[in-house]
Protein chains: 2
Amino acid sequence: MSQNDEHDPTKERLLDQAEALFAQKGYDAVSVREITTAARCNLAAVNYHFGSKENLYVEVFRARWAPRAMRVQESFRDSLAAQDEASPTTVARALAEAFLIGPLSDEERYRHHQLIVRELGQPTEAFKLVADEVMRPFFRQLADMLRPTLPKGLDKEGLMLNILSMFAIVLHFNFARAAVTRMTGREYDEAFKARLVEHITEFSLNGLGGHQQEVPR
Amino acid sequence: MSQNDEHDPTKERLLDQAEALFAQKGYDAVSVREITTAARCNLAAVNYHFGSKENLYVEVFRARWAPRAMRVQESFRDSLAAQDEASPTTVARALAEAFLIGPLSDEERYRHHQLIVRELGQPTEAFKLVADEVMRPFFRQLADMLRPTLPKGLDKEGLMLNILSMFAIVLHFNFARAAVTRMTGREYDEAFKARLVEHITEFSLNGLGGHQQEVPR
DNA sequence: ATATGTTTCAAACGTTTGTATCAAACGATC
DNA sequence: GATCGTTTGATACAAACGTTTGAAACATAT
């Protein structure tokens, strides 16, 4: 058996090309023929390896998206561990850096956020996996980090709303590149991404209570 | 001729049903047959009235989405005019209210944001209309309102980033309802929407420089 | 009533869709 | 080298797709 053989080139190529196409066009705009042509394999390969087009889509999230999300989270924790302590400022900056610069190539970042935003707006079978095994654990970590630094008045729900809002911004600046470029006139080069990290860090502070440290008087 | 007859029921029903379905499922997941069945008319009606499915999609934005966006903007200006002056706080609150409570029904709000977020991530022919005739003029208005209250250090680009970030949050809380409900455990009833308005108002202040007024010491 | 322009309708067009089939090729084990 | 399970390949299939067609139905004006 080649069950343990992790080097099934056809299966891997299918996952790669399927992810790229699903991210770029959305599930329904991509045909099985398009995927198999891009992966340089036979049309029947999708149904042989994954049973159906829909299974392939879910498997893209399990085998590609979720592991990559984990890499981003590790990058976040690493850059945060380099700081003295987890203040709202350092958390916000580490988050922005992980998701805007981080360990991903530009192409990977693009795929990653196209896929997740599509899922957020129109949850499918894959969303259970995303929510339960990626989002919720990470949000819990973030909440635990931030709780000790909370201003007195911020309850659990308020903290979650702040975390969601930070993600909203991070997702938006990765997802809506075309619109952002159109409105700002700036391409997503290194300079602009660095600018965005600064912006997101600053913008997030009030909600997270960080302004009390930033604006002493 | 009935060119001037604005009560073409078939054409209007097609626009209504097409918008609902495009918002719910996305362009490619909706078939012309599905639209015409929902609009209780013949299959050929789409091609007769709009020439093609793609034209119908663009026309949904021109005849439905853009006018609705104008209503939301008016609602924003009205609730802002009721204030003494346009401080970052009042602008942020008026924006959140217009887009989360505002003049739209829940169903309209859902359609509206599903459609625009799909366009933001994957711009089509309709995006030109959205960007040039809706977004840019409104952003310009916002910028003009906020400029007099700017903290000294904030340049034009920084202001645009702050406006984009506010919109990112507003869009997200309308677009990703399923995920937000899953993470917070709260349904989108009136109480929660009021809570979100408070949250968005607070969260946006730092970027807009409002914390200097909110936190005097 | 007749003629005219507009809208609706059922039916069919040629493609493309996701999936199924089955023989050929492959790779490991005996 | 024959035999096995596994993978690939060309081909076929019914269903669904967007669009076209031409006749019927309609409204309006002469």
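In this text, all values refer to a predicted model and were calculated from it rather than measured experimentally. FYI, side chains are in, hydrogens and waters are out, and symmetry mates aren't considered; it's all heavy atoms of this structure. Order of the sequence lines sets the chain letters (A, B, ...), proteins ahead of strands, with each chain counted from 1.
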### Query
Donor-acceptor pair, B:H113 side chain versus B:N174 backbone, under 3.5 Å?
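Looks like no, no N/O pair under 3.5 Å.
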Given atom [atom1] of [X] and atom [atom2] of [N], what is their separation to the nearest angstrom?
X	N	atom1	atom2	result
B:Y57	D:dG18	OH	P	15 Å
B:K53	C:dT16	NZ	P	15 Å
A:L43	C:dT19	CG	P	10 Å
B:N55	D:dT20	CG	P	11 Å
A:F50	D:dT6	CZ	C1'	15 Å

Which nucleotide in the set [options] lies at the smallest distance from any side-chain heavy atom of [X]?
X	options	answer
B:T10	D:dA10, C:dT8, C:dC9	C:dT8
A:A44	C:dA11, D:dT11, C:dT21	C:dT21
A:Y48	D:dA10, D:dT19, D:dT8	D:dT8

### Task
Using the test ring-ring contact (aromatic ring centres under 6.0 Å, His included), find all partners of A:H112 that sit at least two apart in sequence or belong to another chain.
A:W65
### Which residue lies more 5' along DNA chain C, comparing A:N42 with B:N42 via nearest heavy atoms
B:N42
#### Entry: Test ring pair (Phe, Tyr, Trp, His ring centres under 6.0 Å) applied to A:F173 and A:F99, step by step
CA-CA 10 Å; A:F173 278 117; A:F99 282 83; over 10 Å; no
#### Entry: Residues within residues 24-37 of chain A bordering DNA chain C, heavy-atom distance below 4.0 Å
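Going residue by residue through residues 24-37 of chain A, the ones with a heavy atom under 4.0 Å of DNA chain C turn out to be A:V30, A:S31, A:V32, A:R33.
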### Query
Under 4.0 Å between a side-chain N/O of B:H49 and OP1 or OP2 of C:dT6, yes or no?
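Answer no for this pair, as no side-chain N or O of B:H49 is under 4.0 Å from OP1 or OP2.
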Determine, for [Y] and [X], whether the Lys NZ or Arg CZ falls below 6.0 Å from the six-membered ring centre while staying within 45 degrees of the axis.
X	Y	answer
A:K11	A:Y48	no
A:K53	A:Y27	yes
A:R177	A:Y188	yes

### Query
Counting heavy atoms not belonging to B:R140, are there more than 12 under 6.0 Å from its CZ?
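Not more than 12 within 6.0 Å, no.
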### Message
Categorize A:A45 for me: base, sugar-phosphate, or nothing, with a 4.0 angstrom heavy-atom threshold over every strand shown.
### Response
nothing
### Query
Is A:N47 side chain donor-acceptor paired with the C:dA20 base, going by distance under 3.5 Å alone?
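No, no donor-acceptor pair under 3.5 Å.
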